[in-house]
Amino acid sequence: MRLSRAFIPTLKETPSEAQIVSHRLMLRAGLVRQHTAGIYNWLPMGARVLKNIEQIVREEQNDAGAQEIIMPTIQSGELWKESGRYDDYGPEMLRIKDRHDRDMLYGPTHEEVVTDIFRNNVLSYKDLPMNLYQIHWKFRDEVRPRFGVMRGREFLMKDAYSFDLTFEAAKHSYNQMFVAYLRTFARMGLKAIPMKADPGPIGGDMSHEFIVLAETGESAVYCHSAFLEKPIPLVVDYNSDLQEFVDIWTRDYAATDEEHDQAISKELGDKMIEARGIEVGHIFYFGQKYSDPMGAKVAGPDGEMVTPYMGSYGIGVSRLVGAIVEACHDDYGIIWPDTVAPYRVGLINLKVGAEETDKVCDKLYKDFSEGGLSALYDDRNERAGVKFSNMDLLGMPWQVIVGPKGLKNGTVELKRRATGERQELSLESVMSKLTAHHNAEKQSGAGG
RNA sequence: CGGAGCGUAGCGCAGUCUGGUAGCGCACUACACUGGGGGUGUAGGGGUCGUGGGUUCAAAUCCCGCCGCUCCGACCA
């Protein structure tokens with residue numbers, strides 16, 4: 001994309017409503033604009049990041065054996081009366097009447113709908129286990145939306161729902177999602193720590209929140225320093241027993257503010273990390289809570305009808321954009337991890353209109369796109385300083401700077417946004433270096 | 001939902017107390033100079049002052065209603 005043609009409205013000054021750094025930077029870098037309280041427009045840069053994140057989530061869900069579906073945003077109230085939640089859910093649920101005066105609602109979550117799909121279409125234990133997910137917009141009429149997209153009312157969420165014949169099998173489904181989540185967040189360059197969450201009325205220990213550590217996180221969190229060193233599984237056989245791996249990630253202490261035990265802090269001493277965190281995922285097992293009242297049953301091996309055991313697994317996709325900015329920025333702007341960056345490369349032409357620089361930039365721009373490296377080409381007739389600070393604000397992980405000085409020696413400059421490290425390289429080495437990095441990342445599946 | 005505050009050009013703000021021609025900086029347009037970290041100058045364009053009513057010769061300014069947004073608390077992917 002040529003910057004001269006791109007719709008990227010940047011701001012020098014921060015709009016007064018933005019309090020936290022991710023919100024400020026997302027507005028300043030032109031990712032989003034607020035439509036109304038807690039509801040956002042996603043402009044081209046924001047939309048690209050959102051799509052990248054969505055795709056990583058999708059790939060990892062598919063790898064883990066989940067199948068993508070799309071459920072409606074507007075739901076019938078009748079299903080919620082069956083599960084009993086129509087009365088329980090409260091004003092957070094946006095309720096609507098259609099023209100026939102029927103009770104409808106904008107879905108805040110989809111347990112009822114997915115259970116309805118299941119009971120109407122799945123008849124035999126042979127179809128289990130089954131895990132269905134979607135990546136779709138939800139609406140929860142929060143009392144007080146804030147922090148930009150981190151606590152919006154409308155938000156993009158990946159929600160998966162598993163169905164199993166037995167508790168043991170359900171536990172395996174839970175573990176599959178657990179591992180998939182570790183991989184998903186790692187691929188985005190995030191350190192996400194699973195913390196035991198309030199298990200709710202079902203009890204047990206099968207509920208975890210995945211928390212990204214960030215200075216400006218919304219809540220205080222506590223965890224053992226061992227979490228910073230734990231391995232992310234690069235290659236996973238999701239059919240194998242994952243319990244051992246899950247145990248590694250759950251044996252050390254980690255708790256959110258509400259669950260925290262101050263005594264353990266003392267016990268762990270300097271091994272205890274006290275930090276701020278952002279919840280980006282939440283998985284839980286809830287057994288027959290919905291399948292039972294809604295009458296979802298399959299025929300078991302012996303012909304008896306069995307009510308399946310369920311779990312649900314959420315990732316806040318739009319929230320992740322904010323969380324990544326919270327975790328990856330400096331005084332100059334955003335520092336996108338390679339895997340989610342709106343463009344991989346920011347190409348800066350320092351002297352637009354000069355034959356040499358124009359020619360080299362055109363060639364690089366073409367080579368990047370042919371090599372599968374998305375590039376944002378700053379071809380505007382602006383001063384160098386404007387382009388540098390603008391590209392730093394936008395946060396492309398690599399910058400390729402083409403100016404008359406370097407070209408005299410046949411070189412261009414490659415800058416790593418995260419470290420500020422700069423190298424003078426020939427055109428060929430720039431291409432090969434970026435391509436090599438890109439390929440290495442694809443192979444490992446966990447770049448960043 | 002309790003408490004507090006704010007709505008004036010795309011963004012940041014002044015003007016409101018004490019009523020009298022709607023301003024400043026950035027951004028935007030044009031031209032010139034400049035040209036490796038948000039440069040300089042000149043000339044421009046853009047606002048029914050959130051909205052409805054009231055008081056007044058006269059309302060951004062005073063009074064009343066409504067709408068919207070933000071912040072602090074209790075709640076949440």
Side-chain angles (χ1 to χ4, degrees), chain A residues 9-20 23-24 27-28 30 33-39 53 57 89-93 107-111 135-160 181 192 197-198 200 207-212 218-219 256-258 277-284 312-323 331-333 348-354 357 378 380-394 399 401-408 412-413 415 420 422 424:
Chain A
T10 56
L11 301 171
K12 263 191 184 177
E13 285 170 288
T14 306
S16 56
E17 78 261 20
Q19 296 298 312
I20 64 168
H23 192 194
R24 282 187 227 135
L27 289 169
R28 287 195 53 213
R33 288 292 184 266
Q34 180 166 306
H35 171 75
T36 186
I39 301 178
I53 293 173
V57 170
Y89 212 89
E92 229 182 48
M93 185 158 77
T109 180
H110 283 70
E111 280 84 4
I135 299 173
H136 217 196
W137 293 92
K138 304 246 184 294
F139 191 90
R140 294 184 191 173
D141 201 356
E142 296 279 345
V143 194
R144 191 183 158 207
R146 58 186 133 171
F147 304 146
V149 300
M150 300 257 280
R151 179 165 313 290
R153 293 194 291 172
E154 186 181 60
F155 55 96
L156 187 61
M157 183 181 180
K158 187 284 296 182
D159 46 323
Y181 275 34
D198 178 9
S207 177
H208 288 89
E209 292 179 9
F210 286 74
I211 307 276
V212 168
E218 56 191 326
S219 54
T256 56
D257 210 8
E258 312 86 67
I278 302 164
E279 181 184 352
V280 291
H282 195 165
I283 60 178
F284 47 96
S312 77
Y313 316 91
I315 289 179
V317 177
S318 49
R319 171 181 283 186
L320 269 168
V321 181
D331 290 347
Y332 301 103
I348 296 180
N349 185 345
L350 285 181
K351 194 162 186 181
V352 172
T357 48
D378 192 345
R380 298 172 306 165
N381 187 16
E382 289 286 352
R383 295 173 65 87
V386 172
K387 297 191 174 193
F388 288 140
S389 45
N390 205 235
M391 201 59 85
D392 283 348
L393 172 64
L394 296 179
Q399 291 174 17
I401 300 155
V402 179
K405 281 185 189 172
L407 287 186
K408 272 184 198 154
V412 298
E413 194 171 308
K415 175 179 159 185
R422 292 153 180 269
E424 296 281 339

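Each chain gets a letter, A, B and so on, in the order its sequence line appears, and its residues count up from 1.
- Atom P of nucleotide B/G73 and atom CG of A/D257 are separated by 13 Å, given to the nearest angstrom.
- The side chain of A/N390 has B/G38 as its nearest neighbour among B/C13, B/A74, B/G38.
- Under the 4.0 Å criterion applied to side-chain N and carboxylate O atoms, A/R422 and A/E413 are assigned as salt-bridge partners.
- Computed from coordinates, the A/L407 CG to B/G35 P distance equals 18 Å when rounded to whole Å.
- Within the nucleic acid shown, A/M150 comes within 4.0 Å of at least one base atom, counting heavy atoms only.
- If you check every strand for non-hydrogen atoms under 4.0 Å, A/T14 touches sugar and phosphate atoms only.
- The residue A/G30 sits apart from the nucleic acid: no heavy atom pair falls under 4.0 Å.
- What separates CZ of A/F388 from P of B/G36 is a distance of 9 Å, to the nearest Å.
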Short N/O separations, protein against nucleotides 27-29 of chain B, under 3.5 angstrom:
unit_1 : atom_1 : unit_2 : atom_2 : d
B/A27  : OP1    : A/K12  : NZ     : 3.3

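- Taking 3.5 Å as the limit, the base of B/G37 and the side chain of A/K415 contain a donor-acceptor pair of atoms between them.
- Residue contacts shown for A/E413 include a base, since a base heavy atom lies under 4.0 Å away.
- With both ends at atom P, the span from B/G39 to B/G25 equals 15 Å, rounded to whole Å.
- No contact: A/R33 has no heavy atom under 4.0 Å from any strand.
- Using a 4.0 Å heavy-atom distance criterion, A/D392 is classed as a base contact.
- Rounded to whole Å, the separation between the C1' atoms of B/G44 and B/G52 comes to 36 Å.
- Comparing B/A43 with B/G5, their P atoms sit 44 Å apart, to the nearest whole Å.
- Nucleotides B/U56 and B/C64 are separated by 16 Å at their C1' atoms, to the nearest Å.
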Report, one pair per line, the protein and nucleotides 32-34 of chain B atoms (nitrogen or oxygen only) whose separation is under 3.5 Å.
unit_1 : atom_1 : unit_2 : atom_2 : d
B/U34  : O2     : A/R383 : NH1    : 2.4

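- Taking atom NE2 of residue A/H208 and atom P of nucleotide B/A77, one finds them 16 Å apart after rounding to whole Å.
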Please tabulate, one pair per line, each protein N/O and nucleotide N/O from nucleotides 23-25 of chain B that are separated by under 3.5 Å, including the distance.
unit_1 : atom_1 : unit_2 : atom_2 : d
B/G25  : N2     : A/E13  : OE1    : 2.7

